[in-house]
Amino acid sequence: MKPLSETALSIKASTTLAVDSLAKSMKAGGLDVIGFGAGEPDFDTPDNIKAAGIEAIKTGKTKYTPAAGITELRVAIAERLKADLGLGYDYTQIVVAGGAKHNVFIALTALLNPGDEVILLAPYWVTYKEATIMAGGVPVIISAGEEANFKIRPEQIEEFITDKTKAIIINNPSNPTGMVYSRNDLKEIADICKKHDLYVVSDEIYYGLVYDGREFVSFPTLSEDAKERSVLINGVSKSYSMTGWRVGYSASNSQIAEVMSNYLSHSTGAPGTMCQWAAIEAVNGPQDSVEAMRKIFEVRRNYITERINKIPGVSCLIPEGAFYIMMNIKGLTGKSLGGQYINNDDDFAVAFLKKAMVAVVPCSGFGAPGFVRWTYAASMENIRSGLDRLESFLKGE
Ligand code: PMP
Ligand code: GLU
């Protein structure tokens, strides 16, 4: 048979979802695995949101909707962006898709011609690279190490701009680093984008999760120009514990929104109608659960980082937002752990899972070899046990 698409064959499965599925299937098989793989809040979807979904089903809201989502949801999202960030978007500029992941993909599809370069700031969320390739683009990776707090200096970006550069993806707060870009850094990035006429995909899905009273700055709020050239990505998965409902959204200029909507109309159409009605309740309803979750995550962040930094052989920076930490395991390479020689983060993750039954994500897939990612969107009990297991594992117990 003729070979499949070269692009499709080059795409690797998402490491975050792969680790998560493996941990879940091991657990289903009766093994005592603790999962720190996929970043999804361990809290249940709030009752008022579930009730809205159930009510939607009962009242027959079970039919097709416009490809970019029902007007009521798009209006509710525009109002939430206004209330939370002061951003003014018309509802027609909001596009609802099957998760923020899908919005990222559709945004890139709308922006890129074959061969267009997209700047990624490493460590980056694993999907950005593959989604860029799937959309016909070429990822150009700029890295910032631990010594730079995993934050790219804006001036680094200019060195990588060519006449093919079309867009840059910013994830603030970042998955996997948890770092938050300052207003000044973002302003400098916005200036560079204006100077070189670049689009910005600004993934702000963790915008409600910032710690230590730090300021969160939404990219399109920086200036009219920044707003015009950016596609803001967000969704209900993280803020409202709705990962399985698959509702994400973007806000952009009208032309991009229309093109994205056209693409959706020929691919997935809109997400499940009842999920959209539940999402209206999420963005319109009481917002106290968002802040309650943020506070709990902050306590967990403090606990996990304090303990990791006391364990010989590993260390981590203290993240400023989101719910991930990157644990440096470079001191463990060349050792044997759990019967496995550790060459890299992949080996560590495999050995840790097999021997200690703890699932973490190797960061090579995020463009940051030598680290593994833990999510602290896990119960305190699991975090405690996971770290106890780490201590025993490193002691060779
Ligand atoms: N952006 C980032 C940075 C993420 O970590 C994730 C993972 N949940 C998403 C987007 C996608 O979220 P969802 O598709 O569940 O809305
Ligand atoms: N985005 C989350 C993560 O990075 C969930 C998994 C996924 O969608 O890739 O773990």
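Whatever order the structure lists ligands and atoms in, that order sets their numbers, starting from 1.
Ligand 1 is never approached by H102 to a heavy-atom distance shorter than 4.0 Å. Judged by the shortest distance from any of its heavy atoms, G235 lies outside the 4.0 Å radius around the atoms of ligand 1. The shell of residues lying under 4.0 angstrom from ligand 1, judged by heavy atoms, includes R246. Using a non-hydrogen distance threshold of 4.0 Å, Y249 does not register as a contact of ligand 1. Note on ligand 2: L17 sits in its first shell, one or more heavy atoms being nearer than 4.0 Å. At least one heavy atom of A100 lies less than 4.0 angstrom from ligand 1.
With values rounded to the nearest 0.5 angstrom, S237 atom OG is found 8.5 Å from Y206 atom OH.
In this structure, the protein non-hydrogen atom closest to atom 2 (C) of ligand 2 is K238 NZ, 3.5 Å. From the protein, the heavy atom lying nearest to atom 7 (C) of ligand 1 is K238 NZ, 3.1 Å. Counting only heavy atoms of the protein, atom 9 (C) of ligand 1 lies nearest to W125 CH2, 3.3 Å. The protein non-hydrogen atom at the shortest distance from atom 2 (C) of ligand 1 is D203 OD2, 3.4 Å.
The residue among T16, I205, V247, N234 with a heavy atom at the shortest distance from atom 12 (O) of ligand 1 is I205.
Among the atoms of G39, some N or O lies under 3.5 angstrom from an N or O of ligand 2. Considering backbone and side-chain atoms together, W125 places an N or O closer than 3.5 Å to an N or O of ligand 2.
When the ring-ring contact (aromatic ring centres under 6.0 Å, His included) test is applied to W245, no partner is found at least two apart in sequence or on another chain.
Residues F150 and F371 place their aromatic rings such that the two centres sit under 6.0 Å apart.
Using a 4.0 Å cut-off between heavy atoms, W245 makes no contact with ligand 1 at all. Counting heavy atoms closer than 4.0 Å to ligand 2, residue K101 contributes side-chain atoms (C-beta onward) but none from N, CA, C or O. The residue D20 has no part lying near ligand 2, judged by heavy-atom distances below 4.0 Å.
Salt-bridge annotation for R373 and D345: absent, with no side-chain N of the basic residue lying under 4.0 Å from a carboxylate O of the acidic one.
Contact atoms of ligand 2 toward S14: 9 (O) (distance under 4.0 Å to a heavy atom of the residue).
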